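All figures in this text were calculated on a predicted structure; none of them were measured in a lab.
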Amino acid sequence: MAEEINFPKLPPLFVIRATAGVRAFLKRLHNRIFPQQFVLMEYATAFWISRAIGVAAELNIADLLIDGEKSISYLAEKTDCKEEPLYRLLRALASEGIFKETKNHHFALTKMADALRGDQKSMKYFVLHHLGQHNWELFGELKHSVKTGENAIKKLHDCEPFEYLQSHPDNYKIFSQAMTDASEMAVVTLVNDYPFSNFKKIVDVGGGHGFLISCILHQNKNIEGKVFDLAEAIVGTQNTFKKFGIENRAEAIPGSFFETIPCGADGYILKNILHDWSDEDCVKILSNIHSNMADDGKLVVIETIIKKDNKPSFGKMIDLQMLVGTTGGKERTLDEYTQIFNLAGFKLNRVIPNATPFSFIEGIRK
Ligand SMILES: C[S@@+](CC[C@H](N)C(=O)[O-])C[C@H]1O[C@@H](n2cnc3c(N)ncnc32)[C@H](O)[C@@H]1O
C-alpha cells in the first residue's frame, strides 16, 4: 500500500517573510542593546548546545522516551552512561526546551525533542551527520581550510569528500538520510512552487534516496522520473519509490555525473549539488547535462543565492560547511551562477524564490 504524503502545513510566504523580518529586527535590537561582550559570548558558546544535541541524538535519548517519561537511572542504563553526567546533559538541553525534566531526575519529550525521534519524520539523521564525530572533526580544521583553501577531509583522511563516504558506507547512509531529512522539511514548498507538471521526463541528478522525485511524481501522475547518483548513494532508493507507489514510473540509475548523464529528459533537477563542487567541476556536470537533455529541456538548480549585504543568511553559514567539507564547493551569487550556466551552454532564464533558503534557478539552452 503506497504511503500518502502528509505535506507539513506552512503559513503563506508573506507571513513567513514577515515573521522572519520581525525576528531579525528583534535580534538586531537585542544585539545592539546588550553589552557587546555578552552578545559575542552568546555566539561564541552556541556550539555548547549544538554538540549537546548531537550527543543526545547519538545516544537515542528521544527514542527511549517515546512511551513516556523515564528516570535518569533508566536512561543511563539504556545508553551505557553514568547517571550524573547524563543528567547534566539532559538538564542543559531541557533548559532550551529540548526535553523536559518532569519531576526530580525524570525526563520527557517536548515538541522540539520529537524532531530527534527515529520512528517518524524527523531531523535525527541531519543532526547525526552535522553534529556527529566526523563533521565535528572537520570543523575543528576550519582554520586550516581558511588558511589554505584545502578541505578538512583532504587534510584528515587524504582523500576526496565523496571518496571518503564511498569507503565508509555507514557514514554515507547517515549522510544520504540527513539530506532526505532536510528535503522532507522543505518538500512542501519545493514541490508546489515550481511548475514540474510541465515536464514529461525528469532526472534528479544526485538525487540520493529519491525523496524529492518521489514527491514530484506522486503529485504529477503523468511524469516519469529517474534518480541518478553514485551506486553507494542509491541503496534503498527503490524502496522509497515503492513506499510512494511510483515504482512503475521511476528508476534509480547508478553512475557519476562527470562521466555520463541519463539522456532525453526534458527536466534535470540538481538540488544541493553544484554547491559541492568548484566552478570548473560545475561546468563539467552542466555541460554533460546540456549534451544529453531534450532540445526543449530545462535545468532546475535548487541552491541558496548569496546576496552582497551584511544580513543574516543561511547560505553564508552553510558555505563554511562547503569550505571544510568539499573540494572547491561554495554557495554562489547570482552572477556566479550566470557565469557557470553560460560556460556550460545555458542561459539563466529565471529565479523563483520560495519559503526555504533555497531558490529555483532555471536554465535553458542558449
Ligand atoms: C549534498 S547531496 C544532495 C542530495 C539530494 N539532491 C538532496 O538535496 O537531498 C549531494 C549528492 O550528490 C551525489 N554525488 C556526489 N558525487 C557524485 C557523482 N560523481 N555522480 C553522481 N552523484 C554524485 C551524492 O551521492 C549525494 O547524493
Side-chain angles (χ1 to χ4, degrees), residues 5-34 36 38-50 52-54 57 62 93-100 109-117 120-127 130-131 178-196 211-212 215 219 271-272 275 300-321 331-334 350-361:
I5 305 177
N6 292 318
F7 288 115
K9 290 217 173 0
L10 288 186
L13 187 52
F14 76 91
V15 176
I16 293 179
R17 289 217 168 118
T19 315
V22 171
R23 185 177 163 209
F25 169 75
L26 290 175
K27 194 170 163 194
R28 276 200 306 276
L29 189 68
H30 167 273
N31 288 359
R32 201 165 284 183
I33 290 173
F34 278 75
Q36 293 308 289
F38 177 79
V39 175
L40 186 69
M41 193 186 79
E42 270 196 330
Y43 280 116
T45 54
F47 76 99
W48 289 342
I49 185 77
S50 303
I53 294 170
L93 288 166
S95 74
E96 291 288 337
I98 309 162
F99 307 114
K100 181 176 173 196
L109 288 170
T110 56
K111 273 195 180 161
M112 223 193 310
D114 268 343
L116 287 176
R117 284 167 60 165
Q120 57 177 25
K121 282 196 176 72
S122 79
M123 294 302 277
K124 181 173 180 178
Y125 288 91
F126 184 87
V127 167
H130 282 94
L131 300 169
M179 299 302 112
T180 301
D181 284 357
S183 286
E184 284 188 354
M185 202 174 49
V187 78
V188 61
T189 169
L190 294 184
V191 168
N192 293 315
D193 291 354
Y194 184 86
F196 289 108
F211 181 74
L212 178 61
C215 291
Q219 295 269 89
K271 177 174 166 290
N272 299 146
H275 75 168
V300 185
V301 168
I302 305 173
E303 294 284 4
T304 67
I305 297 177
I306 297 289
K307 291 200 177 121
K308 288 184 180 148
D309 57 23
N310 287 314
K311 299 222 169 110
S313 145
F314 177 79
K316 288 172 190 170
M317 290 299 153
I318 195 180
D319 185 52
L320 300 179
Q321 178 72 53
E331 304 302 312
R332 293 180 167 84
T333 62
L334 198 54
R350 58 177 170 159
V351 171
I352 307 178
N354 55 70
T356 76
F358 308 105
S359 297
F360 297 102
I361 310 166

**Q** What residues form a side-chain hydrogen bond (donor to acceptor under 3.5 Å, both in side chains) with Asn310, not counting sequence neighbours?
**A** none

**Q** Grab the two heavy atoms, one from Phe34 and one from Val39, that are nearest each other, plus how far apart they are.
**A** CB-CG2, 3.8 Å

**Q** Would you confirm whether Asn354, through its side chain, and Asp193, through its main-chain N or O, come within 3.5 Å as a donor-acceptor pair?
**A** no

**Q** Test Thr304 against Phe314 for side-chain contact (heavy atoms from CB on, under 4.5 Å), laying out the working first.
**A** CA-CA 8 Å; Thr304 67; Phe314 177 79; 4.1 Å; yes

**Q** Just how far is it from atom CG of Asn272 to atom OG of Ser183, taken to the nearest 0.5 Å?
**A** 7.0 Å

**Q** Quick one, Ile318 and His275 - any side-chain contact, counting heavy atoms below 4.5 Å?
**A** yes

**Q** Please report the shortest heavy-atom distance between Leu131 and Gly54, naming the atom on each side.
**A** CB-CA, 3.7 Å

**Q** Taking side chain as C-beta onward, heavy atoms only, is Ile306 less than 4.5 Å from Leu334?
**A** no

**Q** Might you point out which heavy atoms bring Ala113 and Ala62 nearest each other, and give the distance in Å?
**A** O-CB, 3.7 Å

**Q** So which atom in Val127 and which in Ala57 form the shortest heavy-atom distance, rounded to 0.1 Å?
**A** CG1-CB, 3.7 Å

**Q** Look at the side chain of Ser359 and the backbone N and O of Ile361, then say whether any donor-acceptor pair between them is shorter than 3.5 Å.
**A** no

**Q** Side chains of Met179 and Lys271: does their closest heavy-atom pair fall under 4.5 Å?
**A** no

**Q** Please check: side-chain N/O of Thr110 versus main-chain N/O of Gly97, any donor-acceptor pairing under 3.5 Å?
**A** yes

**Q** Tell me whether Lys100 at atom NZ has more than 12 heavy atoms from other residues, nucleotides or ligands lying less than 6.0 Å away.
**A** no

**Q** Can I get a per-line list of side-chain donor-acceptor pairs under 3.5 Å for residues 14-31, giving both atom names and the distance, sequence neighbours left out?
**A**
{"from": "Thr19", "atom 1": "OG1", "to": "Val15", "atom 2": "O", "distance (Å)": "2.6"}
{"from": "Asn31", "atom 1": "ND2", "to": "Tyr43", "atom 2": "OH", "distance (Å)": "3.0"}

**Q** In sequence, state the C-alpha distance, the side-chain angles, and the governing distance for Thr333 and Lys307, and then conclude on side-chain contact (heavy atoms from CB on, under 4.5 Å).
**A** CA-CA 6 Å; Thr333 62; Lys307 291 200 177 121; over 6 Å; no

**Q** Under a 4.0 Å N-O cut-off, is there an ion pair linking Asp114 with Arg117?
**A** yes

**Q** Identify the two heavy atoms, one from Val191 and one from Phe196, that lie closest to each other, and give their separation to 0.1 Å.
**A** O-CD1, 3.8 Å

**Q** Does Met185 reach the side chain of Met123, with side-chain heavy atoms less than 4.5 Å apart?
**A** yes

**Q** Does Lys316 form a side-chain contact (heavy atoms from CB on, under 4.5 Å) with Asp309? I'd like the steps, not just the answer.
**A** CA-CA 11 Å; Lys316 288 172 190 170; Asp309 57 23; 2.9 Å; yes

**Q** Look up atom CD1 in Ile98 and atom CG in Leu116, then write down how far apart they are to the nearest 0.5 Å.
**A** 7.0 Å

**Q** Is Phe360 atom CZ crowded by more than 12 heavy atoms from other residues, nucleotides or ligands, each under 6.0 Å away?
**A** yes

**Q** With side chains defined as the heavy atoms from C-beta onward, is the minimum distance between Thr180 and Tyr125 less than 4.5 Å?
**A** no

